[in-house]
Structures are given as structure tokens and as C-alpha cells.
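Because only heavy atoms are used, hydrogens play no part in the values below, and waters and symmetry mates are left out as well, while side chains stay in. We number each residue from 1, following the sequence as shown. We count ligands from 1, going down the list as the structure has it; atoms in each ligand are counted the same way. Keep in mind that what you see is a predicted model, and the values were worked out from it rather than measured.
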Amino acid sequence: RCLCDAKGIRIMQPIVLGIETSCDETAIGIVRGRTLLANVIASSVDEHARFGGVVPEIASRAHLEAMLPSIERALKDAQISLSDVDAVAVTAGPGLVGALLVGVASASGLAQGLGRPLYGVNHLAAHVSVDYLTHNQPTDPTIALLVSGGHSSLLQVDDITGSITKLGATMDDAAGEAFDKIARILDLGFPGGPAIDREAVNGSASAIDFPRGLTTSNDWATRPYDFSFSGLKTAVARYLESTPSFVRADVAASFQEAVVDVLLLKALAACKSSGIDSLVIAGGVAANSRLRAVAAERCEKAGIQLRIPSPALCTDNGAMVASLGSLMVSAGRPATQGAFDADSSLKVEQVSL
Ligand code: KG4
Ligand code: ZN
């Protein structure tokens, strides 16, 4: 059943409120069709910093505290009232189960109270869908490189509202996780991605030749679109041990280069073999300045149309959830029926519940 107005005409520019609580951001986004009206993010990252990683219990409690003020702030920014909202979307998974549950319960209450449909959507698909806010035309089919703190995968997106195929994924650490771990051993703090990005600016990307995981000819033949970062992590640790006079900026830049190189080698190979000349890069690591620059260079050379959301829309946010919700409404996809649970290990192929 599609979302219709009082005259039974399908709403093509729905106002959708999206709620994201899969990790440490309590994020509310509001869109009208593909236009972003509000994007409010309350992060509990400072409360986790001294533990060197996100503590689930702390994140869940912070979501509870931030939820209502964040919704109010978003409505104010969008200059609308609650009754203007046509549909509610929420991240149903994957993520930290306790954190997800706060979002799902809040969204269910809101949708029920307003008498509006509720869409439980996939966090990973939402990361990719935020790019669609910046284009008037549908951008599928496309290859998507999804690189975040919890996931790294290569996807073929034939329809962002319902047809996503996983071509490959990481066999060990996610790309963002590798950034976070290397930043920790370099004493650069948490979260590590932005810290390495900044440190690398003063270093040489070619100072140290770190390994590119899963790029032997056998790997290209058997698992061309999978990633592995554990060998790289070990190589960096060994290098630091055996080189007491190491230059931190050089290590950061060379490590970053190895990650960027292998991500793009595989993403461009996927474009080539699928014949799809469009690439979306999404997720927190897509905010990385070196990844953005090298991707632009290589895609231009290969004749591939590249799309990367603005850095603020790459890391977790509510606009991406609202965006996917809006695309679901416009595509006439059914809303999630009845009460549902968060699914901490929701597969990327399952765009919505
Ligand atoms: O998508 P995201 O906000 O959360 C998850 O869904 O995981 O991604 C967070 C990850 C963290 O590992 C963080 O270190 C990484 O994205 N990240 C970056 C940058 N900004 C965030 N990695 C490299 N360079 C950056 N500029
Ligand atoms: Zn994310």
C-alpha cells in the first residue's frame, strides 16, 4: 500500500523523519522528497573516548537522553510540526542491539501516535541512499563501496529500495576498524579515522610499502571483491616495533595509502566486470580526504561516474535513514507491518523489514 493524500493521490514528495541510533550517534533527519530539511546529530563519542571504543550501555543511555530534544531540534530546523510528517523511518539494524532498540521503540511510538506508516530500514543501505538526496534522477544501477566502522563491502545496487547484491566483504576488520586500531597504536586517539586523515597530511604516502590485502593473482581469481586488513595491521605493528625512530606522519600516510589503494582497486574492478560505470562510496571512511582524492582521479581516468556524499553525510546521520524512507515511499514499497524487533546482524541485502 502506497502513501496517499486525502484525495487518494500518492505523495511523491513525502516528508519523512528518520531516526538513527545504531551506534553512538542519536541522529534525526528530515527530508521532503529528496530535499534535506534537517540533520541533527547528538554524539556520545566523548563519553566513550577514554575506553578506546564504543561502550554499548553508555550509548543506549545517551540515546534515551538525547532522543526527544533531538527530534524537537530537527522539527525546528525543518520549520515543520510533527503533524506534517508523512512517514517515519528508523534504522532496524545492523548495529548495537540495545542502541537500535531505543530508536525502534521511539520510532514505533511516534508513528503510532501520528497514525503514519513506519519503515524499518537497513543502516548499510541507508548509508548508500544518502547520496540520492543530491540527485534528481535515480542513480541505480550502481556499484557501491560501503566502508564504515563496522562493515566494508562491495555492492551491486540495482534498486536501492529492494535489490542489493553483495559482491564481496571484509574477511576480518572493517576499513574503519583498521583506521581506529592503527590510530590507537600510534597514540592518535579515538575515533581513529579522522585523526589518521589529519596526521597523514604531513607524511609521505610512499615512505613505507605496506601490504595490499587479497591482491595476489590467486586472490583476484578466487575472491576478487573481498577485503582483508589484518595483514596490514600486523605489518604496521611490526614496522613500529622494528623502527624505533619511525616518523608517525609517514606511518599514517603509508597505512592510509594501502587501505585507499586496495579499496579502489577492487571497487573499480567491480565496475569494470559488471559493466556499470557508476560508483558510490559511502560510510564513515568515505569522509577520508585521501580516499576521496584518489577515487576522483582513478574514476575520471576509467570513465566512471563517481559520487561521494559530503563528509558530514558519510558518517552516521539521520538524513540517510530519512532518505531511504523517502525513496521507499516514492517507490510504493510497503511499510513495516506490526511490531518489530531490531536486528543487530541484519544482512545488507535486506533493505527493509
Ligand atoms: O559509518 P560510520 O559513522 O559508523 C558505522 O556505521 O560504523 O563509520 C565510522 C568509522 C570509524 O571507524 C571512523 O574511524 C571512520 O568511520 N572514519 C574515517 C574518517 N572519518 C570517519 N576513516 C578515515 N578517514 C576519515 N576521515
Ligand atoms: Zn554507519
Side-chain angles (χ1 to χ4, degrees), residues 18-27 29 39 41-45 48-49 52-54 56 59 90-96 99-100 103 121-131 144-153 155 169-170 173-186 188-201 203 205 227 229 232-233 252-253 255-264 280-295 308-321 323-324 344-346 348:
I19 300 181
E20 154 62 35
T21 62
S22 69
C23 194
D24 57 340
E25 282 91 7
T26 314
N39 192 28
I41 301 176
S43 173
S44 59
V45 67
H48 308 283
V54 175
V90 63
T91 298
L96 303 170
L100 288 166
V121 301
N122 189 308
H123 178 82
L124 308 173
H127 264 302
V128 177
S129 83
V130 79
D131 170 73
L145 171 64
L146 176 70
V147 274
S148 71
H151 296 84
S152 295
S153 38
L155 311 170
T170 182
D173 290 347
E177 201 177 351
F179 271 94
D180 293 336
K181 286 179 177 168
I182 296 303
R184 195 178 312 158
I185 58 177
L186 286 176
L188 284 169
F190 173 83
I196 288 191
D197 200 341
R198 282 191 300 271
E199 182 74 14
V201 172
F227 303 105
F229 299 106
L232 171 60
K233 202 175 60 190
F255 158 77
Q256 177 175 267
E257 198 68 9
V259 176
V260 165
D261 187 29
V262 80
L263 290 177
L264 292 174
V280 173
I281 307 183
V285 180
N288 184 267
S289 62
R290 184 68 186 153
L291 178 61
R292 301 173 79 93
V294 180
I308 315 181
S310 67
L313 293 180
C314 287
T315 45
D316 288 350
N317 63 81
M320 66 191 214
V321 180
S323 172
L324 185 50
S344 61
S345 53
L346 191 65
V348 66

*Could a heavy atom of H123 be found less than 4.0 Å from some atom of ligand 1?*
yes
_Residue list, salt bridge (charged side-chain N to carboxylate O under 4.0 Å, His left out) with D197, at least two apart or on another chain_ = none
*Which option out of I196, V260, N288 puts a heavy atom nearest to atom 24 (N) of ligand 1?*
N288
*What are the protein N/O/S atoms, named by residue and atom, that sit under 2.8 Å from the Zn ion (ligand 2)?*
H123 NE2, H127 NE2, D316 OD1
*Judged by atom type as modelled, is there a donor-acceptor pair below 3.5 Å linking the side chain of H151 to the main-chain atoms of A174?*
no
*What's the shortest heavy-atom distance between S129 and S323, and which atoms?*
O-OG, 2.9 Å
_Partners passing ring pair (Phe, Tyr, Trp, His ring centres under 6.0 Å) against F255 (at least two apart in sequence or in another chain)_ = F179
*asked:* Show the atoms of ligand 1 that are less than 4.0 angstrom away from any heavy atom in G176.
replied: 12 (O)
*side-chain hydrogen bond (donor to acceptor under 3.5 Å, both in side chains) against T91, all qualifying residues, sequence neighbours excluded*: E20
_Show the atoms of ligand 1 that are less than 4.0 angstrom away from any heavy atom in T315._
3 (O), 21 (C)
*Search all heavy atoms of P309 against all heavy atoms of I281 and return the closest pair with its distance.*
CD-O, 3.1 Å
*Quick one: which of G284, A282, A183, A27 has a heavy atom closest to atom 17 (N) of ligand 1?*
G284
*If every non-hydrogen atom of V45 is compared with every non-hydrogen atom of S43, which pair is closest and at what distance?*
N-OG, 3.0 Å
_H127: numbered ligand 1 atoms lying under 4.0 Å from its heavy atoms_ = 1 (O), 6 (O)
*Kindly say whether L313 contributes a backbone atom to a donor-acceptor pair with the side chain of N317 at under 3.5 angstrom?*
yes
_Closest candidate by heavy atom, reference atom 25 (C) of ligand 1, pool A200, G283, G193_ = G193
*State whether the side chain of S44 and the backbone N or O of D24 hold a donor-acceptor pair below 3.5 Å, judged by distance alone.*
yes
*Hey, can you tell me if F229 and F227 have their rings parallel, tilted or perpendicular (30° and 60° cut-offs)?*
parallel
*Provide, to 0.1 Å, the distance between atom 10 (C) of ligand 1 and the closest protein heavy atom, together with that atom's residue and name.*
G149 N, 3.4 Å
*Any chance you could measure L124, atom CG, to L346, atom CG, to the nearest 0.5 Å?*
7.5 Å
_C23 heavy atom under 4.0 Å from ligand 1_ = no
*Considering only the protein, which heavy-atom contact is closest to atom 14 (O) of ligand 1, and what is its distance?*
D180 OD1, 2.7 Å
_Can you report which non-hydrogen protein atom sits closest to atom 2 (P) of ligand 1, along with the distance?_
D316 OD1, 3.3 Å
_List ligand 1 atoms under 4.0 Å from G150, heavy atoms only on the residue side._
7 (O)
_So which atom in G193 and which in D180 form the shortest heavy-atom distance, rounded to 0.1 Å?_
N-OD1, 3.5 Å
_ligand 1-proximal atoms of E25, by part, heavy-atom distance under 4.0 Å_ = neither
_Tell me whether S152 contacts the main-chain N or O of A175 through its side chain, where contact means a donor paired with an acceptor under 3.5 Å._
yes
*Measure the distance from atom 26 (N) of ligand 1 to every protein heavy atom, then report the residue, atom name and distance (to 0.1 Å) of the closest one.*
D197 OD2, 2.9 Å
